[in-house]
2 protein chains.
Amino acid sequence: MSNKTPAYLRIKNAILDNIHAGTWASGTAIPAEITLAEDFGVSRMTVNRAVKELEAERVLERRQGSGTYVAQQKYNNAHIEIRNIAKDINERFNHYRAQVIAQKTLDFEALNQPENHWLNALFFHSQPAHTDKLYQVCIVHYGDDLPIQYEDRWVNAAIIPDFINQDFSSINTSDYLIDHVPLEYGDYQIQAKLAPINVCEALQIQAYEPALLHARHTKSQGQPVTFVNMWHPGSRFSFGGRL
Amino acid sequence: MSNKTPAYLRIKNAILDNIHAGTWASGTAIPAEITLAEDFGVSRMTVNRAVKELEAERVLERRQGSGTYVAQQKYNNAHIEIRNIAKDINERFNHYRAQVIAQKTLDFEALNQPENHWLNALFFHSQPAHTDKLYQVCIVHYGDDLPIQYEDRWVNAAIIPDFINQDFSSINTSDYLIDHVPLEYGDYQIQAKLAPINVCEALQIQAYEPALLHARHTKSQGQPVTFVNMWHPGSRFSFGGRL
DNA sequence: CAGTGGTCTAGACCACCTG
DNA sequence: AGGTGGTCTAGACCACTGG
């Protein structure tokens with residue numbers, strides 16, 4: 001009951017609820033800042049923050065002098081596609097196989113361990129609630145029995161509670177996520193790095209062999225859904241595309 | 001002041017200037033919000049906006065109760081578009097400089113050397129004519145005197161005969177190409193690799209440090225125009241973007 | 001023109017970190 | 001305990017859009 005949740009977050013969620021429920025359809029204008037401020041009993045600056053953040057997350061679009069509109073559902077416009085490693089490997093190799101290394105739940109207590117604080121920053125504004133949970137899976141993807149990708153993924157349990165019960169040696173994590181949530185926003189980073197020891201071993205590479213790290217953070221309707229580190233052996237993997 | 005630029009932008013730029021000038025080094029704390037507010041003669045909320053945006057841009061890191069710190073600067077680049085390294089570096093660093101390492105012409109005889117056969121495959125269907133020529137340029141791009149990119153580029157002389165006469169320490173190769181030929185198609189590849197010795201030296205990195213290689217092949221009206229290898233230090237460069 | 005978002009103020013209370 | 005960022009208020013003026 002007692003919400004120590006910041007007002008701007010309550011407003012963001014309320015707006016998202018309205019969008020999700022279909023009350024505010026894509027392309028239509030939502031109430032003006034001043035109206036929302038009155039409705040929620042807060043100052044306009046607080047509403048402004050909520051709306052501005054949803055704009056940054058591409059849930060809303062604002063036009064000065066005109067209004068604030070619900071953004072159109074966006075398809076994948078030729079940016080980095082959400083790649084499916086299973087399909088990619090099947091295109092280039094004869095045989096694809098996934099080996100699940102770990103599959104576990106991080107509860108409130110685990111999230112409060114210092115080594116997991118960076119996850120809280122990504123998922124829970126650094127302040128996990130007692131009910132917050134993350135699922136973690138580590139999967140090695142093989143092409144013709146050669147490791148191609150080490151996938152280290154965290155998933156917000158509140159959004160996809162059933163994620164942890166899947167058999168990811170037969171179901172691809174990306175496929176499962178795409179089927180169960182509309183992924184609408186994310187950022188990624190691609191780096192060349194030396195991989196940690198355990199990753200090197202899983203990928204069957206030497207410690208000094210460059211690895212290609214593809215990290216991605218994905219949100220759906222303003223909520224962080226998943227963060228994933230995808231490590232690839234530099235010698236067996238490259239990232240390609242067309243302009 | 002009667003400047004038309006918003007106060008929060010002036011403050012952002014002032015902070016960036018201090019970082020670029022080295023006054024505020026990576027990892028050190030910058031003045032508190034209230035201090036900056038007094039210094040700039042604005043309210044704390046205005047400073048808050050400036051600092052919060054720089055945090056979102058990963059220029060600063062904030063810790064509640066502790067302070068605001070200059071983040072480890074890491075170069076970031078979206079690789080979807082045809083990017084201009086000069087512009088990118090100018091956005092991120094104070095000073096951009098290009099050093100031309102080599103600039104030469106490969107004639108029919110040179111193209112028939114075994115070590116150049118792969119170029120023939122890319123440009124001339126493996127069968128160069130006597131009149132076929134390629135230009136080659138090697139350029140190191142610096143941000144604040146730190147090497148960010150080693151550019152090794154080959155250009156089809158038949159399409160842009162005047163390419164070789166340009167001064168690429170002042171003109172960007174991409175700019176020149178875009179201005180002189182309609183680039184309509186290309187493919188790229190991104191790899192993690194150990195760079196050749198000469199590239200390591202030019203980039204001022206150790207031989208075992210992973211490098212991020214971005215290779216691109218561009219065509220215009222069905223004719224191969226340019227092939228380029230762009231090497232980046234893994235420690236100072238990453239590709240990033242949004243979905 | 002009236003309504004909207006863009007920006008800004010001068011305060012305030014709180015949670016958190018560090019000495 | 002004192003300083004820091006996190007949040008919030010109740011106003012304000014401006015620039016822009018639309019009818």
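In what follows, every heavy atom counts, from backbone to side chain, and hydrogens, waters and symmetry copies are set aside. Quick note on labels: first sequence line is chain A, next is B, and so on, each numbered from 1.
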Under the salt bridge (Lys or Arg N to Asp or Glu O under 4.0 Å) definition, can you give me all pairs with a residue in residues 59-72 of chain B, not counting sequence neighbours?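 Counting only pairs at least two positions apart or across chains, the salt bridge (Lys or Arg N to Asp or Glu O under 4.0 Å) contacts touching residues 59-72 of chain B are E33(B)-R62(B).
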
Which whole-number value in Å describes the distance from [X] [atom1] to [N] [atom2]?
X      : N      : atom1 : atom2 : result
R49(B) : dG6(C) : CZ    : C1'   : 7 Å
E33(B) : dC8(D) : CD    : P     : 14 Å
F40(A) : dC8(D) : CZ    : P     : 13 Å
L54(B) : dG5(D) : CG    : P     : 13 Å
E38(B) : dG3(D) : CD    : P     : 12 Å
Q64(B) : dG6(D) : CD    : C1'   : 5 Å
L36(B) : dG3(D) : CG    : P     : 16 Å
E53(A) : dT7(D) : CD    : C1'   : 12 Å

Quick test: give all pairs of protein nitrogen or oxygen and nucleotides 10-12 of chain D nitrogen or oxygen below 3.5 Å, distance rounded to 0.1 Å.
from    : atom 1 : to     : atom 2 : distance (Å)
dA12(D) : N6     : R44(A) : NH1    : 3.2

Considering residues at least two apart in sequence or located in another chain, which fulfil the salt bridge (charged side-chain N to carboxylate O under 4.0 Å, His left out) criterion with E53(A)?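 Only K12(A), R49(A) meet the salt bridge (charged side-chain N to carboxylate O under 4.0 Å, His left out) criterion with E53(A).
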
Partner residues of D162(A) under the salt bridge (charged side-chain N to carboxylate O under 4.0 Å, His left out) criterion, sequence neighbours left out: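 Not a single residue meets the salt bridge (charged side-chain N to carboxylate O under 4.0 Å, His left out) criterion with D162(A).
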
Within residues 101-111 of chain A or reaching into it, pairs that qualify as side-chain hydrogen bond (donor to acceptor under 3.5 Å, both in side chains) - sequence neighbours excluded: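 Residue pairs with at least one partner in residues 101-111 of chain A: there are none.
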
May I ask you to evaluate whether [X] reaches the phosphate of [N], defined as a side-chain N or O under 4.0 Å from OP1 or OP2?
X      : N      : answer
R62(B) : dG6(D) : yes
T68(A) : dT4(C) : no
Y8(B)  : dC8(C) : no

Take S66(A) and N48(A), find for each the nucleotide of DNA chain C with the closest heavy atom, and name the residue whose nucleotide sits nearer the 5' end.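 Nearest nucleotide further toward 5': that of S66(A).
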
5'-most contact on DNA chain C: E55(A) or G65(A), nearest heavy atom basis?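 That would be G65(A).
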
Quick check for you: among dT9(D), dG5(D), dT4(C), whose closest atom lies nearest to any side-chain atom of T46(A)?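 Selected nucleotide: dT9(D).
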
Of all the choices, dG5(D), dC8(D), dG6(C), which nucleotide is nearest to the side chain of P6(A) once you look at every atom?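 Within the option list, the nearest is dC8(D).
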
Which residue lies toward the 5' end of DNA chain D, T35(B) or K52(B), if each is placed at its nearest nucleotide?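 This one resolves to T35(B).
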
Donor-acceptor pair, side chain of N156(A) and main chain of P224(A), under 3.5 angstrom: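 Looks like yes, one N/O pair under 3.5 Å.
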
Pairwise ring-ring contact (aromatic ring centres under 6.0 Å, His included) hits with a residue in residues 147-168 of chain A, at least two apart: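 Checked against ring-ring contact (aromatic ring centres under 6.0 Å, His included) - neighbours excluded - the pairs reaching residues 147-168 of chain A are W118(A)-W154(A), F163(A)-F168(A), F163(A)-Y176(A).
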
Between Q99(B) and S169(B), do the side chains contain a donor N or O and an acceptor N or O under 3.5 Å apart?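 Q99(B) and S169(B) do not have a side-chain donor-acceptor pair below 3.5 Å.
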
